[in-house]
Structures are given as C-alpha cells and as structure tokens.
Amino acid sequence: MPRMKLALEKEYPFTCEIQVRVGDLNYGGHVGNSEMVGILHDARVALFRAMGVHEGDLGDGKTGIVMDDLIVNFRAEAFLGDILTVGCAFGEVGEAGFRIHYHVTGAGKTVAVAETGLVAFNYTSRSIAFLPSAFKERARAMGSGD
C-alpha cells in the first residue's frame with residue numbers, strides 16, 4: 001500500500017499551544033496515535049473558537065461538521081510536559097466541505113503533519129448541508145497561501 005505523505009503548507013495562519021498530558025502517552029512513553037487525533041481536535045476547537053463558531057454551529061444556527069477523513073504523518077516523538085504548537089490552515093473549501101492542514105511542532109522539531117476532511121452536517125435533519133457563506137469566506141481567508 002502506498003504511503004500518504006503530506007507536505008508542509010507555506011503558512012499556518014492560526015496557531016495554538018497544547019501541553020502533552022499524562023493521558024496523551026501510550027505504552028511507549030510518547031504521544032500515542034489516537035491521542036494525536038485528540039490534540040488535532042483540540043486545535044480545531046481553538047481555531048473555530050477564534051473564528052467565533054464551533055463544531056456544532058458554523059455560524060447559521062443549524063450547520064455543524066462531521067469528519068470525512070484524516071491523515072497523520074508522524075515525524076518525531078512528543079513527551080509528557082512538552083508544549084506543542086499546532087499550526088492550522090484551511091485548504092480546499094467547497095460548497096459542503098473543507099480541509100484543514102495541521103503542523104504540530106515541539107522542542108524545535110516537526111512532530112506531525114496532518115490533514116482532515118470535514119463535511120457540513122445538519123444534525124436536525126441528519127443530512128449533509130451547505131457551508132454557511134460567512135464561514136466559507138472566513139475559511140478561505142485563513143488558507144495556507146497556496
């Protein structure tokens with residue numbers, strides 16, 4: 001099976017810091033793969049908060065998101081107490097979905113590069129929805145510069 005290898009984006013307009021907690025460690029003593037997914041989730045929540053929205057409401061009172069796909073390339077270990085900086089940039093923004101690129105660094109090195117595909121979802125009708133216009137405009141403005 002071919003390996004999915006992600007490249008770094010030109011820029012990451014949003015960054016946040018996340019400290020590695022004891023619950024983020026696996027039996028190898030470093031951040032585990034499922035815990036990295038949680039760290040990416042925390043960064044996405046912070047990104048959305050900075051935009052004035054959240055995962056259950058992208059600004060129109062009815063549209064949330066569901067994850068469509070996720071790719072993580074691990075590049076280095078992260079350990080208890082490390083402060084990770086997570087850079088986020090929007091990639092492709094379509095009518096009903098978008099991509100977010102992540103660059104996780106710690107101790108001066110790249111820990112992981114990741115990408116998520118997210119789809120707009122109406123939780124009342126349990127169906128795919130269109131992204132609110134204001135969210136699309138803001139997400140495009142916070143793109144990676146590509």
Side-chain angles (χ1 to χ4, degrees), residues 1-28 30-78 82-106 109-146:
M1 172 170 45
R3 181 172 187 253
M4 301 293 296
K5 188 165 182 176
L6 298 173
L8 290 175
E9 298 298 307
K10 287 182 183 175
E11 62 181 316
Y12 294 87
F14 176 83
T15 61
C16 65
E17 290 185 343
I18 298 172
Q19 185 171 19
V20 176
R21 304 163 305 160
V22 70
D24 296 326
L25 305 179
N26 63 15
Y27 60 88
H30 54 233
V31 171
N33 56 49
S34 60
E35 290 75 12
M36 181 58 73
V37 174
I39 289 168
L40 298 174
H41 184 190
D42 287 346
R44 186 172 58 252
V45 166
L47 168 64
F48 283 3
R49 185 176 299 127
M51 295 173 68
V53 300
H54 60 84
E55 292 182 326
D57 179 3
L58 298 180
D60 65 357
K62 61 183 179 182
T63 306
I65 59 166
V66 293
M67 186 170 299
D68 186 43
D69 59 70
L70 163 71
I71 302 167
V72 180
N73 292 163
F74 291 94
R75 305 262 177 96
E77 296 174 293
D82 284 357
I83 302 296
L84 302 178
T85 300
V86 184
C88 301
F90 283 89
E92 176 187 354
V93 179
E95 292 303 311
F98 56 95
R99 303 197 70 73
I100 299 177
H101 303 275
Y102 308 84
H103 183 209
V104 183
T105 59
K109 61 187 177 233
T110 295
V111 173
V113 180
E115 184 176 322
T116 53
L118 300 146
V119 176
F121 194 76
N122 182 310
Y123 280 91
T124 302
S125 66
R126 311 301 298 176
S127 62
I128 302 296
F130 290 107
L131 289 170
S133 296
F135 179 85
K136 284 194 302 189
E137 290 171 20
R138 190 103 189 264
R140 287 178 176 143
M142 293 181 73
S144 65
D146 285 341

Report all side-chain donor-acceptor pairs from residues 44-52 shorter than 3.5 Å, counting only partners two or more places apart or in another chain.
from	atom 1	to	atom 2	distance (Å)
R44	NE	E55	OE2	2.8
R44	NH1	Y102	OH	3.2
R44	NH2	E55	OE2	3.4

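- Annotation: side chain to side chain donor-acceptor pair (under 3.5 Å) contacts of S127 (sequence neighbours excluded): S125.
- Summarising the geometry of G143 relative to P13, their closest heavy-atom pair is O-CG, 3.1 Å, with the distance given to 0.1 Å.
- Of all non-hydrogen atoms in A78 and L25, the two that sit nearest each other are O-CD2, 4.5 Å.
- A heavy-atom distance below 4.5 Å is found between the side chains of I128 and F121.
- The line from CD1 of I39 to CD of Q19 is 11.0 Å long, rounded to the nearest 0.5 Å.
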Could you check L40 against V104 for side-chain contact (heavy atoms from CB on, under 4.5 Å), going step by step and ending with a plain yes or no? CA-CA 9 Å; L40 298 174; V104 183; 3.9 Å; yes

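- Residues satisfying the ring pair (Phe, Tyr, Trp, His ring centres under 6.0 Å) criterion with F130, sequence neighbours excluded, are absent altogether.
- Heavy atoms only, all atoms of each residue included: N26 and G32 are closest at ND2-CA, 3.4 Å.
- Applying the ring pair (Phe, Tyr, Trp, His ring centres under 6.0 Å) criterion to Y12, with sequence neighbours excluded, gives H103.
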Which donor-acceptor pairs under 3.5 Å do the side chains of residues 66-77 make with protein atoms, sequence neighbours left out?
from	atom 1	to	atom 2	distance (Å)
D69	OD1	R99	NH1	3.4
D69	OD1	R99	NH2	2.6
D69	OD1	G117	N	3.4
D69	OD2	R99	NH1	3.3
N73	OD1	L6	N	2.5
N73	ND2	M4	O	2.8
R75	NH2	L6	O	2.9
E77	OE2	H30	ND1	2.7

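- For G59 against V53, the heavy-atom pair with the smallest separation is N-CG1, 3.9 Å.
- Between K62 and Y123, every side-chain heavy-atom pair lies at or beyond the 4.5 Å cut-off.
- Considering all non-hydrogen atoms of both residues, N122 and T124 come closest at OD1-N, 2.8 Å.
- The salt bridge (Lys or Arg N to Asp or Glu O under 4.0 Å) contacts involving residues 129-142 comprise E95-K136, where partners must be two or more places apart or lie in separate chains.
- No donor-acceptor pair under 3.5 Å is formed between the side chain of D57 and the backbone N or O of H54.
- Taking both residues in full, the closest heavy atoms of T15 and G87 are given as CG2-CA, 3.8 Å, listed atom of the first, atom of the second, then distance.
- Rounded to the nearest 0.5 angstrom, H101 NE2 and F90 CZ are separated by 10.5 Å.
- With contacts defined as side-chain heavy-atom distances shorter than 4.5 Å, the pair L131/V93 qualifies.
- To the nearest 0.5 Å, the span separating OG1 on T116 from CD1 on I65 amounts to 7.5 Å.
- Residue H41 holds its NE2 atom at 14.5 Å from CD of E35, rounded to the nearest 0.5 Å.
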Given the rule in the side-chain contact (heavy atoms from CB on, under 4.5 Å) test, do V111 and V31 qualify, once you have shown the distances and angles that lead to the verdict? CA-CA 10 Å; V111 173; V31 171; over 6 Å; no

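- The CD atom of E17 lies 12.0 Å from the CG atom of D82; values are rounded to the nearest 0.5 Å.
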